[in-house]
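Some notes on the structure that comes next.
Reckoned from all heavy atoms, side chains included, excluding hydrogens, waters and symmetry mates. Below, chains carry the letters A, B, ... as their sequence lines are ordered, and counting in each starts from 1. Here the structure is a predicted model, which is why all the values come from computation and not from measurement.
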Number of protein chains: 2
Amino acid sequence: MQMMEERSKKVLCAVVQSYINFPDPVGSMLVTKRYSFGLSPATIRNIMADLEDMGFLAQPHTSAGRVPTDRGYRFYVDLLVAEKDYYTNMEILQEIYKRLEALRNNIDVFLGETTRTLSKLSHYLGVAMSPRLDMTTLKRIELLKYRADKIAAILFTDEGLIKNKVVSLDSEISQKDLNRITGYLNSEFSGHTFDEIRFKVIKEMSKEKIRCDTLISRAMKICREALSFSHNDLFVSGLSEVFDLPDFADLKKIRELSRAIEDKHTIIELLDSLSEFDGLQIIIGSENSMDEMKKLSVVVSTCKEGYRPIGVVGIIGPTRMNYEKAIYIVDNTAKFITKMLSGR
Amino acid sequence: MQMMEERSKKVLCAVVQSYINFPDPVGSMLVTKRYSFGLSPATIRNIMADLEDMGFLAQPHTSAGRVPTDRGYRFYVDLLVAEKDYYTNMEILQEIYKRLEALRNNIDVFLGETTRTLSKLSHYLGVAMSPRLDMTTLKRIELLKYRADKIAAILFTDEGLIKNKVVSLDSEISQKDLNRITGYLNSEFSGHTFDEIRFKVIKEMSKEKIRCDTLISRAMKICREALSFSHNDLFVSGLSEVFDLPDFADLKKIRELSRAIEDKHTIIELLDSLSEFDGLQIIIGSENSMDEMKKLSVVVSTCKEGYRPIGVVGIIGPTRMNYEKAIYIVDNTAKFITKMLSGR
DNA sequence: ATTAGCACTTAACCATTGAGAGTGCTAAAC
DNA sequence: GTTTAGCACTCTCAATGGTTAAGTGCTAAT
């Protein structure tokens, strides 16, 4: 790979670019027409044959042109990222700004709109995920009496997430007790991650069995219920965008994608595994560890507030993706969010 | 219509049923085979020709069997509802129960799961919508200090909805002032609909300009922000179910549906217009006033807590829908939710 | 090393064809 | 007079086959 001739690189990139822009296998003639190498189709043909041998290109069938393999895309993308001075588009930046600026106060609406923006701009699937609740840090908990036997627990996290959850009680509780419980829970758990708190609660509860302090035991029960969130929040938009792509002309493929979106499971797992790393990440087709994703490419980046990860945003699309644009959009969206959050 | 012969009715129903179960146009021969009238294909043929003249059946093309028109479905459904003693299926009831029972405390999760249940059971699109916020009644508002210049407003409605919203302040506020504002807002607005409150706030604010009482004016500002919710909450699930239906074999149709789901706009409007009426409602194809819906059928029902509507749930599918099952599922889901809510 | 020329391969397109399904009409049967 | 058998007719659908166009790989000439 490192010993590939400069000329071959150029041809490979030409093929990839052509294929990204026009979804037809690209032939030697086309390359000479669209990109001006000073070479004849026959020469290009030889080069392309070499690139195929090296595993960067493939033929759908004997008499068709070539299409990039995942390795081909990878090479192209690495080059793209190395050059770094690709593509700028003020309109896109402004669009991101315009759509997200006003929404900073509500993380759910915000992430939802983020995915819509991502998909609108990229014409692929936009995804966003808030960080795993287990890992977030409780800032404060407030308990509000709601109905006779129900209270609303409002959880504030360091990340700026606000969650509310209704907790049912086995018996009525006085406002005074509720205040004491609130105070107790805050003094005990504020500053700890949900995971830690859960662990502490379990420990405490087994102790309580012996000591039988009803108030603390009640506090623990409430706390356990209040923290029982099942999953991360995943937002996905833009399935309808994907319909227009020739890559998904096949009904089956869209169905699969649609299933994945409704399941959420696969995508959550994917983003979860990516959220551990910092900054931009690009996964191309078969590089994905999950089977359902092996025909798709993923471009994501993490958003941070200070050094704390606040979520991950990205684009999912076909391997024949406009990586340049996708990278630009995702990168800037993530940076914009990070900046927006740190500014406040 | 009312003077239609008994025999013709039977044939019409047979055609509808056959077509619902097997997505092929049904011919006279098929009718005699699958349903035992004591008649020959030729006679059935004549009857079916009559039914076509009357507008209940139609031929896709000359040499095909017949398919029901929307009027045909309507006739069938009306009969179905009139008889009322259709279809019962304990498994379905148990499934509904099992999936929804535990979730009553969180309206959002609950409605989301409701749509998933509806779509899973029906294999069509499941939809659910919480009532328009404008029309809901504020029970209580709580303001919690969140960051220096931000507070979280927690809104409790009579319907059991809990909404939180972050409100930015122009300058810091003391806890004491916040408490006073909270008390003021509750005494002033509790028991009023959001719509009324908004109106009052606007009135008050113009007055304030003159009196210049900063605390009340602050309270109003906060209240206005806290109540600025854009839309109803719409939940839709099961697009992937719809892929397997031959009615949507065409990519274009699914794309349209997928757009409608992402827009939400059309569906919200639809459900909104239906939420005014009580109980089960069935809209078949062209009976829909909206163009986007003219190829779809809708089966919905409203859920109530006491006499107060709490939302609307339903199924959207092709006109060739298994109405019997759909009605059963929607009706029982709505009733179950109503019962669940009134039990508490 | 590059290129022109050419035979070869394959998918895509198009027109034709025949089978199959279902109808409407007519005339016979009940 | 209602029902039915018989039959010609219409239309879709799937299969067939031939043609076209695109693009390749190889060879020989530049």
Side-chain angles (χ1 to χ4, degrees), chain A residues 3-12 14-19 21-69 72 246-247 249-250, chain B residues 3-12 14-19 21-69 72 246-247 249-250:
Chain A
M3 49 188 305
M4 203 196 312
E5 287 174 61
E6 197 56 36
R7 209 177 51 175
S8 302
K9 285 188 192 177
K10 288 255 173 68
V11 173
L12 176 54
V15 173
V16 173
Q17 271 170 24
S18 170
Y19 189 59
N21 292 321
F22 311 87
D24 310 299
V26 9
S28 51
M29 186 80 106
L30 202 69
V31 172
T32 59
K33 280 239 176 81
R34 263 215 265 276
Y35 307 84
S36 47
F37 300 88
L39 295 170
S40 75
T43 310
I44 299 290
R45 210 143 55 222
N46 289 327
I47 298 173
M48 283 166 78
D50 290 348
L51 287 168
E52 183 169 357
D53 288 341
M54 288 189 267
F56 294 114
L57 297 178
Q59 286 188 78
H61 58 87
T62 324
S63 83
R66 259 92 174 190
V67 299
T69 60
D247 313 73
D250 186 6
Chain B
M3 47 188 305
M4 203 197 311
E5 288 174 58
E6 197 56 36
R7 210 178 51 174
S8 301
K9 285 187 193 178
K10 288 256 173 69
V11 173
L12 177 53
V15 173
V16 173
Q17 271 170 25
S18 171
Y19 190 59
N21 292 320
F22 310 87
D24 309 298
V26 8
S28 51
M29 186 79 106
L30 202 68
V31 173
T32 60
K33 280 241 176 81
R34 263 215 265 276
Y35 307 83
S36 46
F37 300 90
L39 295 170
S40 75
T43 311
I44 300 291
R45 221 162 21 241
N46 288 328
I47 298 173
M48 284 168 76
D50 290 348
L51 287 169
E52 182 168 358
D53 288 342
M54 289 189 268
F56 293 114
L57 296 178
Q59 285 188 77
H61 58 86
T62 324
S63 85
R66 258 93 174 189
V67 298
T69 60
D247 314 74
D250 186 6

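- B:Y35 contributes a side-chain N or O that, together with a main-chain N or O of B:S18, makes up a donor-acceptor pair within less than 3.5 Å.
- With sequence neighbours excluded, the residues forming a side chain to side chain contact (heavy atoms under 4.5 Å, CB included) with B:A42 are B:S40, B:R45, listed by chain and number.
- In this structure, B:R45 does not reach the D:dC7 phosphate: none of its side-chain N or O atoms is under 4.0 Å from OP1 or OP2.
- Counting any heavy atom pair closer than 4.0 Å across all strands shown, B:L30 reaches no nucleic acid atom.
- Of all the residues in residues 58-67 of chain B, B:Q59, B:T62, B:S63, B:A64, B:G65, B:R66 reach under 4.0 Å from DNA chain C with at least one non-hydrogen atom.
- Map A:A42 and B:G27 each onto its nearest nucleotide of DNA chain C; the residue landing nearer the 5' end is A:A42.
- Put simply, the side chain of A:T69 never gets that close to the backbone of A:A58: no donor and acceptor are under 3.5 Å apart.
- Geometric assessment of A:R34 against the ring of A:F22 yields a positive cation-pi assignment under the 6.0 Å and 45° thresholds.
- Note that CG of A:L57 is 5.5 Å distant from CG of A:L12, once rounded to the nearest 0.5 Å.
- To the nearest angstrom, P of C:dG20 lies 14 Å from CE of B:M29.
- In terms of the side chain to side chain contact (heavy atoms under 4.5 Å, CB included) criterion, residue partners of B:S8 (sequence neighbours excluded) are, by chain and number, B:M4, B:E5, B:I47, B:L51.
- Distances shown here put a side-chain N or O of B:T43 below 4.0 Å from the OP1 or OP2 atom of D:dT4.
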